[in-house]
> 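Before anything else, here's the structure in question.
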There are 2 protein chains.
Amino acid sequence: MAPPGRALKHVQVREYVRTLVGGSSPGSPAPSERELVQRFGVARMTVRQAMDALVVEGLLERIPGRGTFVARPRRTASKITGYTEEMTRRGLLAESQTLLARREQAGPGVARALSLTEGDAVIHWRRLRRADGVPMCLEDAYLNEVLLPGFLQQGMPTSLYDSLDARGLRPTWAEDSITADKATAEEAGLLEVEPFSVVLRHSRRALCDDKVVEVSRTVYRADRFTLWVQLGQDC
Amino acid sequence: MAPPGRALKHVQVREYVRTLVGGSSPGSPAPSERELVQRFGVARMTVRQAMDALVVEGLLERIPGRGTFVARPRRTASKITGYTEEMTRRGLLAESQTLLARREQAGPGVARALSLTEGDAVIHWRRLRRADGVPMCLEDAYLNEVLLPGFLQQGMPTSLYDSLDARGLRPTWAEDSITADKATAEEAGLLEVEPFSVVLRHSRRALCDDKVVEVSRTVYRADRFTLWVQLGQDC
DNA sequence: TAGTGGTCTAGACCACTAT
DNA sequence: TAGTGGTCTAGACCACTAG
């Protein structure tokens, strides 16, 4: 598959095994180490290096005295997703209406959250977001302009997270806070609910490596939205 | 430290390095591989096996051509905590008042959530929980009696999670759902808020390995509680 | 140039599992 | 008993970094 002259041997073995067991059910046997030694004409330590990587990755598990097998997939904690991805996952059609998209000077709260200095330029993007045509939430996102040059000029994307992804800024870390509250009159009007209806407020600070890429405050209609979170110690 | 005759060499090297760099700042150099080969009189592959484990663990990072260094600690996603631990972390005094603690037959919802059959015996534990003396939430926990023999007879612990911990059932995985709502009249009375006040409802299904150890529904006073969640892909 | 980690070899003995 | 993974040796050459 790959130019064999250039690929490292342990990488060749690793990718061979990955392809071989890809799609196999958990518990299926992987080739034995000595079998791979024969097939690739390499030392056993080289095969072990390849297999070690797949074990660490969670694809394989070793059982001493028995062999190496396809591991049961580990549970994965919640992915960090944006609205579009999340609604799509729920089988709903995500739509957004931009109410505001402009350059602003960061106030004290936003500046601190974005790790900037008060008065620095930030992008403020306010959207009314619908699911299957009905208002779901109102989102105010604040972005670091320095990380997103030309963002406002390029025409707003549908999905902020796709857009961050394309720039290599997909969040790898998020700090969320969630509270229950009543809608303000303005929020109620936009969300098409009675004034003072119950809402779920969701704030997020999303980082990619050590860069704060997004700070947002979203208010969800409580009658339409339940937040789901999976927590776990494996990834 | 450990009986040297019995410990595996790579474990000896690993623990030596762990002790040596324990408490060092990120970026501090670890001993070089060849230095450890000399010190322990082992092969380099053995040293590499030891160091590999520490790298996978996140304690060390290797920089080719430069050396091995103490890694910057990875961010850790939210721990799965119970009420007592969480309030303590926030600097509040956690107290609980048991309103109900009895054996019941599982209804359809609870049975499914606990991976049991309808009518199986479950423990139902209802508590009014205070923080610094003021009502914070009302929690209904359902536990699998088979996993917790004698639980009701032993007198209720303060912290369910400590109690699970002691039985080796500390949750390693949790599925939470969060909604905003209004309190029922009964909830409002217990929580000492006006009827129909805004509340945050939090449901949890907590597992230890593949066993469902806790299913709970908690209603928090919205005026006193903000839920915090950290999401990330390293652990 | 000296030192580092990255890769690789060609063996070895062990404990354990399955037949 | 044959096969498996776990551990370990005593070297080797490479690319890279730093002084």
Side-chain angles (χ1 to χ4, degrees), chain A residues 1-18 20-21 24-72 74, chain B residues 1-18 20-21 24-72 74:
Chain A
M1 6 194 85
R6 303 214 52 68
L8 299 174
K9 293 188 180 181
H10 77 267
V11 173
Q12 286 182 50
V13 176
R14 195 223 299 146
E15 296 312 314
Y16 169 81
V17 175
R18 193 202 299 284
L20 200 64
V21 305
S24 306
S25 326
S28 307
S32 80
E33 296 179 356
R34 286 164 179 86
E35 186 181 333
L36 291 165
V37 165
Q38 289 293 323
R39 174 181 296 270
F40 284 90
V42 296
R44 189 158 158 239
M45 287 306 295
T46 305
V47 168
R48 282 187 66 77
Q49 186 178 7
M51 303 293 263
D52 275 341
L54 296 173
V55 168
V56 167
E57 206 176 285
L59 180 62
L60 299 181
E61 63 180 330
R62 293 201 250 240
I63 304 181
R66 297 228 294 129
T68 305
F69 303 88
V70 177
R72 165 174 66 79
R74 297 183 199 165
Chain B
M1 6 194 85
R6 303 216 49 70
L8 299 173
K9 294 188 179 181
H10 78 266
V11 173
Q12 285 183 49
V13 176
R14 193 221 304 145
E15 295 312 314
Y16 169 79
V17 175
R18 193 203 301 282
L20 200 64
V21 306
S24 305
S25 327
S28 307
S32 79
E33 296 178 356
R34 286 164 179 87
E35 187 181 331
L36 292 165
V37 166
Q38 290 291 324
R39 173 180 296 270
F40 285 89
V42 296
R44 190 160 156 237
M45 287 305 297
T46 305
V47 168
R48 283 186 66 77
Q49 185 179 7
M51 302 294 263
D52 275 342
L54 296 173
V55 168
V56 166
E57 205 176 286
L59 180 62
L60 299 180
E61 64 181 330
R62 292 202 251 239
I63 304 181
R66 295 228 294 130
T68 305
F69 304 88
V70 177
R72 164 174 64 80
R74 297 182 199 165

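Because the structure is a prediction, the values reported are computed rather than measured. Just so it is clear, the values below take in all heavy atoms, side chains as well, and ignore hydrogens, waters and symmetry mates.
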> Roughly, in whole Å, what's the span from CG in B:Leu54 to P in C:dG5?
13 Å

> Would A:Phe69 and A:Ile63 satisfy side chain to side chain contact (heavy atoms under 4.5 Å, CB included), going step by step from the backbone distance to the final call?
CA-CA 8 Å; A:Phe69 303 88; A:Ile63 304 181; 3.8 Å; yes

> Go through the structure and list residues passing salt bridge (charged side-chain N to carboxylate O under 4.0 Å, His left out) with B:Arg48, not counting sequence neighbours.
B:Glu33

> Send over the distance from B:Leu60 CG to C:dG6 P, rounded to a whole Å.
12 Å

> Between C:dC8 and A:Thr46, is there an OP1 or OP2 to side-chain N/O distance shorter than 4.0 Å?
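No.
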
> Which of the following nucleotides, D:dC8, C:dC8, C:dT9, is nearest to the side chain of A:Val42?
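The nucleotide sitting nearest to the side chain is C:dT9.
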
> Could you check whether atom CZ of A:Arg72 has more than 12 heavy atoms from other residues, nucleotides or ligands sitting under 6.0 Å from it?
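Incorrect, the count does not exceed 12.
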
> Is DNA chain C part of any stem, that is, at least 3 consecutive Watson-Crick or G-U pairs with both distances under 3.5 Å, and where?
C:1-18 with D:1-18

> Atom CG of B:Leu36 to atom C1' of C:dT4: distance rounded to whole Å?
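So the CG-C1' distance, B:Leu36 to C:dT4, works out to 13 Å.
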
> For nucleotides 13-19 of chain D, read 5' to 3', which letter fits each nucleotide if B means a protein heavy atom sits under 4.0 Å from the base, S means only the sugar-phosphate is that close, and - means neither?
---BSS-

> How long is the line joining CD of A:Gln49 and C1' of C:dG5, in whole Å?
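For the pair A:Gln49 CD and C:dG5 C1', the rounded distance is 12 Å.
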
> Going by side-chain contact (heavy atoms from CB on, under 4.5 Å), name the residues that satisfy it together with B:Val55, two or more places apart in sequence or in a different chain.
B:Leu60, B:Arg62

> Starting at NE2 of A:His10, measure out to CE of A:Met45 and round the result to the nearest 0.5 Å.
12.0 Å

> Nearest 0.5 angstrom please: B:Thr46 OG1 to B:Leu8 CG, how far?
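The CG atom of B:Leu8 is 10.5 Å from OG1 of B:Thr46, to the nearest 0.5 Å.
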
> Nearest nucleotide by nearest heavy atom, which residue falls closer to the 5' end of DNA chain D, A:Met45 or A:Met51?
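The 5'-side residue here is A:Met51.
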
> Which nucleotide wins on minimum distance to the side chain of A:Ser32, given the candidates C:dC8, D:dC8, D:dT4?
D:dT4

> Under the rule for salt bridge (charged side-chain N to carboxylate O under 4.0 Å, His left out), what residues qualify as partners of A:Glu35, not counting sequence neighbours?
none

> Can you measure B:Phe40 atom CZ to D:dT7 atom P for me and round it to whole angstrom units?
17 Å

> Evaluate the criterion side chain to side chain contact (heavy atoms under 4.5 Å, CB included) for residue pair A:Leu36 and A:Met51; output intermediate values, then yes/no.
CA-CA 10 Å; A:Leu36 291 165; A:Met51 303 293 263; 3.9 Å; yes

> Provide, to the nearest angstrom, the distance between the CD atom belonging to B:Glu35 and the C1' atom belonging to C:dG5.
14 Å

> Could you tell me how far apart A:Glu33 (CD) and D:dG3 (C1') are, to the nearest whole angstrom?
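Result: 12 Å.
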
> What residues, two or more places apart in sequence or in another chain, satisfy salt bridge (charged side-chain N to carboxylate O under 4.0 Å, His left out) together with B:Glu57?
B:Arg18

> Rounding to a whole Å, what distance do you find between A:Arg48:CZ and C:dT9:P?
15 Å

